[in-house]
Every structure is written in structure tokens, then in C-alpha cells.
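Here is the structure we will look at, set down as C-alpha cells.
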Amino acid sequence: MKSIFLIWLIATTSIFSQTQDYNTKGDFIAKGYDVVAYFNNEAKEGLKQFSTTYDGVKFKFSSQENLNTFLDNPTKYVPQYGGYCAYAIALSSKKVDINPKTFEIRDGKLYLFYNSWGNNTLKKWLKKDVKGLQKQADKNWEAIKFG
């Protein structure tokens with residue numbers, strides 16, 4: 001009986017402790033760019049000496065001040081949709097890599113976008129119904145965020 005309970009406990013703990021999928025190409029979220037700096041409308045590369053881990057994901061910051069700001073309220077600065085391209089999540093439920101210099105702060109949230117080979121998805125995002133895209137991306141992300 002104890003062994004059955006132990007197996008159940010391990011299984012349920014594993015299921016409920018699973019975090020969402022994050023885009024960590026290059027080992028860090030946002031390709032190592034400072035997620036706090038985005039809120040000052042700056043795309044700045046972070047430095048290894050100013051790094052931390054949150055929700056199992058590594059973050060880098062450009063200064064100790066930004067690291068401290070993040071530590072005070074990490075959920076405010078975590079990119080939407082695990083740091084994948086917001087436009088691709090909205091349009092096709094696809095987890096597409098990003099260009100860390102292509103971003104938008106909207107309604108106090110950080111959105112990252114793909115931008116390469118003449119395909120700037122932030123420009124496409126802004127030309128459409130952004131509120132509608134956000135709603136669709138939120139819905140799509142719920143369905144794919146753990147896979």
C-alpha cells in the first residue's frame with residue numbers, strides 16, 4: 001500500500017510541477033537579452049555576471065539594478081508565450097524562434113517576434129487587429145505551452 005501511494009505521489013508531483021515550454025536557444029530566455037531593459041524600450045544583451053534562474057529558465061541582465069528589479073517581480077518581466085514569436089503563436093500555434101531586438105511592450109507585457117530575411121513579424125502584428133491576435137495567441141498558447 002505504501003509503495004502504491006509513493007508511486008502516485010511521484011506521478012502527481014511530476015505532473016503538477018511541470019513548467020511551460022520556454023524558448024531558450026542559446027541557453028537563456030530572449031537569447032540572453034535583458035528582459036527588464038525591454039521595459040525601458042531597449043534591447044540590451046545581458047551579461048553572465050548578472051544572471052539568475054527563474055521557473056527553471058536562465059535569464060541574463062545588463063546590470064545588477066535590472067537583475068534586482070527582476071528578482072522583485074519576475075512574473076512581470078517573463079516574455080509572453082515562453083519567449084517564442086507572438087505572431088506565430090497567434091497565427092499558427094507554432095513555436096518559432098525570435099530576434100531579440102524585435103519586441104513590443106503592450107499592456108505591461110513583453111512580446112517577442114521573429115525578424116529575419118525580410119520577414120519582420122512585429123510589423124505584421126502591428127498591421128492587424130493586435131487585440132484579436134493577442135486573444136488568439138493566448139488561446140493557442142494554452143493548448144501548446146507544455147509540448
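Worth saying up front: this structure is predicted, and the values here are computed from it rather than measured.
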**Report entry** Evaluation steps, side chain to side chain contact (heavy atoms under 4.5 Å, CB included), between Thr69 and Phe61
**Finding:** CA-CA 10 Å; Thr69 298; Phe61 302 90; over 6 Å; no
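- A distance of 6.5 Å separates CZ in Phe50 from OG in Ser63, rounded to the nearest 0.5 Å.
- When atom types are taken as modelled, the side chain of Asp107 and the backbone of Lys109 share no donor-acceptor pair closer than 3.5 angstrom.
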Name each donor-acceptor pair under 3.5 Å that joins a side chain in residues 39-49 to protein atoms two or more places apart or in another chain, with its distance.
none

Requested in this report: Apply ring-ring contact (aromatic ring centres under 6.0 Å, His included) to Tyr87 and Tyr114, showing your working.
Outcome: CA-CA 8 Å; Tyr87 187 74; Tyr114 176 84; over 10 Å; no
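- Separation of atoms CG (Leu133) and OG1 (Thr121) is listed at 10.5 Å; rounding is to 0.5 Å.
- Hydrophobic clustering of Ile, Leu, Val, Met, Phe, Trp and Tyr side chains at less than 4.5 Å, counting indirect connections, keeps Leu71 apart from Phe28.
- Note on Leu122: it does not cluster hydrophobically with Ile105, by side-chain heavy-atom contacts below 4.5 Å among ILVMFWY residues.
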Query raised in the report: What's the verdict on side chain to side chain donor-acceptor pair (under 3.5 Å) for Gln80 and Trp141, showing C-alpha distance, side-chain angles and the deciding distance?
Result: CA-CA 9 Å; Gln80 296 301 293; Trp141 183 244; over 6 Å; no
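- In this structure, the side chains of Asp34 and Phe70 stay at 4.5 Å or more apart for every pair of heavy atoms.
- Closest of all the heavy-atom pairs between Ile89 and Ala137 is CG2-O, 3.5 Å.
- Taking 4.5 Å as the limit, some side-chain heavy atom of Gln64 sits within range of a side-chain heavy atom of Leu67.
- Residues Tyr81 and Leu112 are members of separate hydrophobic clusters, defined by side-chain heavy-atom contacts under 4.5 angstrom among Ile, Leu, Val, Met, Phe, Trp and Tyr.
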Using a 3.5 Å cut-off and no angle test, enumerate the donor-acceptor pairs between side-chain atoms of residues 93-104 and protein atoms at least two apart in sequence or in another chain.
from	atom 1	to	atom 2	distance (Å)
Ser93	OG	Asn140	ND2	3.3
Lys95	NZ	Asp21	OD2	2.9
Lys95	NZ	Ile144	O	2.9
Lys95	NZ	Gly147	O	2.3
Asp97	OD1	Asn23	ND2	3.0
Asp97	OD2	Lys31	NZ	2.9
Asn99	OD1	Lys101	N	2.8
Asn99	ND2	Asn115	O	3.2
Thr102	OG1	Asn115	ND2	3.1
Glu104	OE1	Arg106	NE	3.2
Glu104	OE1	Trp125	NE1	2.8
Glu104	OE2	Arg106	NE	3.1
Glu104	OE2	Arg106	NH2	2.7

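- Heavy-atom neighbours of Lys145 NZ from other residues, nucleotides or ligands within 6.0 Å: above the threshold of 12.
- Leu110 and Phe113 fall into different hydrophobic clusters, where Ile, Leu, Val, Met, Phe, Trp and Tyr side chains are chained together by heavy-atom contacts under 4.5 Å.
- In the displayed structure, Glu65 atom CD is contacted under 6.0 Å by at most 12 heavy atoms of other residues, nucleotides or ligands.
- In the hydrophobic cluster analysis, where Ile, Leu, Val, Met, Phe, Trp and Tyr join through side-chain heavy atoms closer than 4.5 angstrom, Tyr111 is grouped apart from Val78.
- Side-chain atoms of Asp138 and Gln134 form no donor-acceptor pair, as typed in the model, at a separation below 3.5 Å.
- Between Leu91 and Gln136 the shortest side-chain heavy-atom distance does not fall below 4.5 Å.
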Identify each donor-acceptor pair in which a side-chain atom of residues 52-59 lies under 3.5 Å from a protein atom, sequence neighbours left out, and give them as a table.
from	atom 1	to	atom 2	distance (Å)
Asp55	OD2	Tyr22	OH	2.5

